Every structure is written in structure tokens, then in C-alpha cells.
Amino acid sequence: MTDKERIDWLRSELTRHNYNYYVKNAPEITDQEFDRMMHELLSLEAAHPEWDDDTSPSRRVGSDLSHEFEQVAHRYPMLSLDNTYNRDEVGAFYQRVSAGLDGEPFDLCCELKFDGLSISLTYEDGRLVRAVTRGDGVRGDDVTENIRTIRSVPLRLAPGGAWPASFEMRGEVLMPWDSFERLNREREAREEPLFANPRNAASGTLKSKNSAVVARRGLDAYFYYVLGDALPSDSHYENVRAAASWGFRVSEAMRRVRTLDEVYAFIDYWDTERRRLPVATDGIVLKVDSLSQQRRLGLTAKSPRWAIAYKFQAERERTRLVEVTYQVGRTGAVTPVANMDPVQLAGTVVRRASLHNEDIMRQLDLHEGDWVYVEKAGEIIPQVVGVDAAARAAGAQPVRFITHCPECGTALVRYEGEAATYCPNDATCPPQLKGRIEHFISRDAMDISQLGPETVDDYYGRGLIRDAADLYDIRTEDINGADGTRQRSAERIVEGIARSRSVPFERVVYALGIRFVGKVVAKQLARHFGDIDALMAARLDDLLQVEGVGTVIAQSVMAYFAREENRRFVERLRRAGLKMAVEQAEAASDRLAGKTIVISGTFSQHTREEYKTLIERHGGKNAGSISGKTSFVLAGENMGPAKLEKAAKAGVPLVSEAEFLAMIE
């Protein structure tokens, strides 16, 4: 077997095994065997770039490259559905359909309404060519590269299938409960805001500029509508069942019914059974089954007349407030927590719920011993949504937000424009000290994965560390146990700490934990100033020149470096060998010297990030938006209409990919 034949065989087999595992839930091989085949394919593809194929199953591992999204017009508008929470309105919908069809018999398709992000996939000759979000219904974001990482999305349909030559498949991108809970545990450990529900998490993930992040987060997809000019049947139900045979994940819950009683039975059944599903649902969708009848019924300006969504009521329970306690995070933010009598809610026992901040506590008008109403946001995160004031005991006192830190006793502060209240004592407040160390070792910062919150707590309690710089003084004998039984574990930890010295400067800036400085701002600061000394010396006007930095962030950066203990901390990290400057790529030429270039569209020869690097290596400067200073736009396919119009008005020339490569070569 030649290398080309082996690549083709591996791609075919891995695609089949992906389908068996992620769609049919019937794997034929072990994970280890799958990984071995994938590793072989990656090695062969690296050796033979001339046989690159963007539908290869190897593309599902994600890329570390960033991509900006272009807007694409929908061939068929993606309309929203009319919603109802009322069974009588479902009956009224049924009667409107009957009247619109002049009493002609009709079937309805009953489907689960998945709580995710709507997506439209276009297939040409059995290959996925584009994935677009709903957007405004007329245009959406092209997220094709991110969609390719979702294993239940077929990149290429099985040869010989009865699928149309060109068609559109619509569905919902979801984050399963297991993936959602894992993600929120990770975010909680890093003291990042939790996603309120799987839909928000799926949406935020799919809009990530890093497809490797999308691949890691375990998204899934269910499909429920086929559009095109040559579909197998006039029946929506039959078309979706046919799509299941082409390789698409389709819900087995879909039912075709005739009577209103059958619709109500479907609603009643899934109002309870949906809690057993691995993904979030928030209702059901009813669609007229016949496509010809759909066309006769037509559309309103916003929604089809042949479909409606029935939304399930959120489960709410009443319980007694026992007390409000307070948690201190790594940034010093103080979060009030309602502790309540246990109550059964959406299948679990709830005892605690975040009250978020002082303003929300005031809005609720909480009093001691109040009876409160609790719901689960997205049926996962408990929240107090109201108070039964009529049941309040006479003389009950209002719950007042605390004035001093519950951990160190320091007077709390609230910064202008901030909803949160803070403990300003970041020098000795234990939760803040430990929280900053946990942030420092997190994946997006120094990525010392061998350590975790429990280990940090243990080392802090034993006096081994008081700040993150102490990590670089840890020796194997300090942590291998009194009898040396944890020698190998200790060696791995020390090795992981040592490897973090190679982390690039932009992530070191993020790891410092400067308030309001996230990953993106840290990268911008690192690239703008180049090294830590220039950043520490930056004045307000200097900082305000950085893209994405406003007055609040600039003042926070200045305040951080104005403190002597923070400057000493940075110097200790420098002595420990961490990177304190951006590593410059070797200059290739000065052919773009003095030119400011905007990149827009999609490209075939290089990724957008690779083109940004090429521009810098040839002396040019990248810009994110078109202005009078823009020299030209490097314009790929599907360039956004807004940028096209702006370039035309500003008289900025467009340079094609081929022209650009000729320019620098």
C-alpha cells in the first residue's frame, strides 16, 4: 500500500469510527487503537502536505491559530420561531394551520427544542464547504473552521449516498451537560466567571478565535432540517430520517403525529423525560410535515406560519433562607451566597445559591429568615429569583452587605463603575494569595498542569509558598513525602514548574494577575511594549495607545507596578528565568516597511495569523480596521461587505493573496 493509499484508508476508517462513536454510540475499536490510527495519519499528512484535505478527520484536533469571522449571506433566511408557554396557544396554532390549509388533513412533526446555537451547514458533492451561524437571520458568521472540530458533524458524506448534490443542513450546536460541568469546574478553579447555562457556553465556545479551544470543550450537534432543490421527499420527517442515514446526528425523539391529543401527549412526556437527556432542552418544536403545505402557509416577517415553539416552564421552588455568607476570590471580589434549607430542584438537592453582588441583594430586599424562590438558570446553576414577602416574620431585619473582609478583616471597597465589592488587602488576605497562585499556574497562564488548587492549598498551609515566585524554589525533596514515597510525583511537579520558564512573555503578563487584564489585553500589552521594563515604566498616555486598553485598565496596570512588592515579585520571576520580553521573529526583508495593512477574508495559501507574521517579518504593520492610514487591504475570499464599502470610501486598494505573495517574494 502506497502512502497515498494508506492516507486515504486511514481517513475513511477514522471517519467511520467517528460516526460509530459520536453518532451511533456504538464504537468498534478502543480509544487507544483510534489514537494510534490518528497519530499515524497525522505523521503521514505532515510528510505529504501535497495531499492536504480540509475534510480529513485529523482536522478535528483543532489548530492553535486564530481566525476572525467573516459574515456570509444565508441562501435561505434563518427565521426565529413564535414562542408560547401556553397549551391553549398550541391548540390555537393547530387551528390556524387547519384554517390556512382550508381543512386539508396535515401531519405535524414534534421535535425537541435543543437549547444551543443555531447553525447552517452547506454541503457540495458530499463535502462540508461552509458553516454559518444564525446571525441576524439574513447574514451570519462563518465559523467553518470551528465547526470542523465537532466530531458529530460529518465533514464528508459516505460515497454512494442518496444525498443531493447541493443542500443545506440546519441544526443546533450544543454543549452536553458533562462538558458544561467540567468547563465550569475549570473556570471556577481559575476564578473566571461561570457560564450560566450550556447554551451560553456553546455560543461562547463556537465564537472563540482559537479552534483548539473549541476542540477541547467537547461540543456536540443535533440536526433537524434539510433545505435544497432536490430533496428526497416532500415530507420533512422523511428528509430528516434520510439525513440520519447520510451521517448526521438526528434526535430519536422526533415523532410525526396527526391529532392535537398526540401533540399534548408528546409535550407531557418530554416535560419530565428531558431531564434524563445528555444535553439541554427548553421546549418542543411543532412543524407542519409537508414541505408543499409549508410553502402554502408561508412566512411572516419574522417567523414561519407552519411552525411554533412550546417552551417548558422553569422549575421553581420555595425554601427558607438560613443565612448569607461571603466568599473572597483571587481578585478580592466578595461574593454573597444564600444558604437555604435543602430543596429538591430539577432533579438535585439545592442548599446554596450565589447572590452575585450587593446590588442584587438590595433588589431582592432580603430579610433574615425570609422564604425565597429558587430556580435553576439553564437548569444547572441555582439562583434566588424572588422573596415571599407575605410570609416574612414580624420584626425580621434586612440582610446587610458586610463592611469588612470575612478572611482578613480589612475594610471593603467598591470601585466606581464596578458591581462587585472588593477586599483591597492583596498582600496578606489568604484567599487572594492562593487564588493568584492558582491563576498563575492555570492553562492560559503558565500552564503548570501538575499543580491544582488542592496542591496549592497544601503547599501554602505548609509554608512552602506565599506567592507564585516561591514555586521556582521548590525542590523535589521538599515535596516527595517524609518517606520518599511520592518521589516520581514530586519529580513531575518540579519538571512542570521548570518547563513553564519557556512560556512566552504575553502569557507571563497574563499570569501576573493584574486586575482587569485578561488574555487578550495581556497579549496587546506585551506586543506593544515589548518587554517588562517598558511595561513597568509606562505612563497613562502610553497605555492608552494600546488597542483595547481604556482608562480603567491603564490605571490598574499603573497601580500594580507602582507597588514595590509587585515589582519585587516581577524581579524574582526574572531571576527564576521566566521570559520577560517578546521574542522577535527574524526579519525577512523591508519590502513592507512603512505600510499599514488590514487583513480580511479567507485564504488558501496561509492562515490569517501566518499572514500577520509575514507582514511583520517584512517590515509592515498589522491593523484591525480600515482608516486613512491603511496602505492596502490583503483581501481574501468572502471579504465582509462592511470592510469592502469602507475601503472603497477611503480609497484604500485591495490586494489579492497572489498579489501579496508576489509582493513579498
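FYI, the numbering just counts along the sequence from 1. Keep in mind the model is a prediction, meaning the values are calculated, not measured.
Looking at Arg87 and Asp268, a side-chain N of the basic residue comes within less than 4.0 Å of a carboxylate O on the acidic one, giving a salt bridge. Under the 4.0 Å criterion applied to side-chain N and carboxylate O atoms, Arg362 and Glu358 are assigned as salt-bridge partners. The pair Arg276-Glu273 meets the salt-bridge criterion, with a side-chain N (NZ, NE, NH1 or NH2) lying under 4.0 Å from an Asp/Glu carboxylate O. Classification of Asp229 and Arg75 as a salt-bridged pair holds, one side-chain N sitting under 4.0 Å from a carboxylate O. A salt bridge does not link Glu238 with Arg241: every distance from a Lys NZ or Arg NE/NH1/NH2 to an Asp or Glu carboxylate oxygen is 4.0 Å or more.
A side-chain donor from one of Asp82 and Ser303 sits under 3.5 Å from a side-chain acceptor of the other. No hydrogens or angles considered: a donor-acceptor pair under 3.5 Å links the side chains of Thr144 and Asp142. For Thr281 and Asp115, the side-chain atoms include no donor-acceptor pair closer than 3.5 Å.
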- Message: Between Val337 and Gln327, does the side-chain contact (heavy atoms from CB on, under 4.5 Å) criterion hold? Intermediate values first, please.
- Response: CA-CA 7 Å; Val337 178; Gln327 296 177 336; 3.9 Å; yes
- Task: Show your working on side-chain contact (heavy atoms from CB on, under 4.5 Å) between Arg170 and Met78 and close with a plain yes or no.
- Result: CA-CA 9 Å; Arg170 290 187 178 172; Met78 292 189 75; 3.3 Å; yes
- Message: Could you walk me through whether His74 and Val138 satisfy the side-chain contact (heavy atoms from CB on, under 4.5 Å) test, starting with their C-alpha distance in whole Å, then the side-chain angles of each, then the deciding distance to 0.1 Å, before giving a yes or no?
- Response: CA-CA 6 Å; His74 292 297; Val138 178; 5.7 Å; no
- Message: Working note: Glu375 + Gln383, criterion side-chain hydrogen bond (donor to acceptor under 3.5 Å, both in side chains); need CA distance, chi angles, decisive distance, verdict.
- Response: CA-CA 6 Å; Glu375 288 182 2; Gln383 60 182 14; 5.0 Å; no
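In plain terms, the two heavy atoms of Asn146 and Thr205 that are nearest each other are ND2-O, 4.5 Å. The minimum heavy-atom distance between Ala131 and Ile147, with the atom names listed, is CB-CG1, 3.5 Å. Looking at every heavy atom in both residues, Gln294 comes nearest to Asp289 through NE2-O, 4.2 Å. Taking each heavy atom of Tyr222 and Ser251 in turn, the nearest pair found is CD2-N, 4.0 Å. Of all heavy-atom pairs between Arg255 and Glu252, the closest is NH1-O, 2.8 Å.
The side-chain contact (heavy atoms from CB on, under 4.5 Å) search around Ala338 returns Leu321, Met340, Leu355, Val384, not counting sequence neighbours. With sequence neighbours left out, Arg182 forms a side-chain hydrogen bond (donor to acceptor under 3.5 Å, both in side chains) with no residue at all. Residues satisfying the side-chain hydrogen bond (donor to acceptor under 3.5 Å, both in side chains) criterion with Thr122, sequence neighbours excluded, are absent altogether.
At least one side-chain heavy atom of Phe167 sits less than 4.5 Å from a side-chain heavy atom of Val226. Under the 4.5 Å side-chain criterion, counting only non-hydrogen atoms from C-beta, Val399 is in contact with Met361.
Residues Trp246 and Phe223 place their aromatic rings such that the two centres sit no closer than 6.0 Å. Aromatic rings from Tyr94 and Phe106 are positioned such that their centres are separated by under 6.0 Å. Ring pair Tyr310/Tyr264: centre-to-centre distance not below 6.0 Å.
Screening Lys287, Arg258, Arg256 for a side chain to side chain donor-acceptor pair (under 3.5 Å) involving Asp107 leaves a single residue, Arg258.
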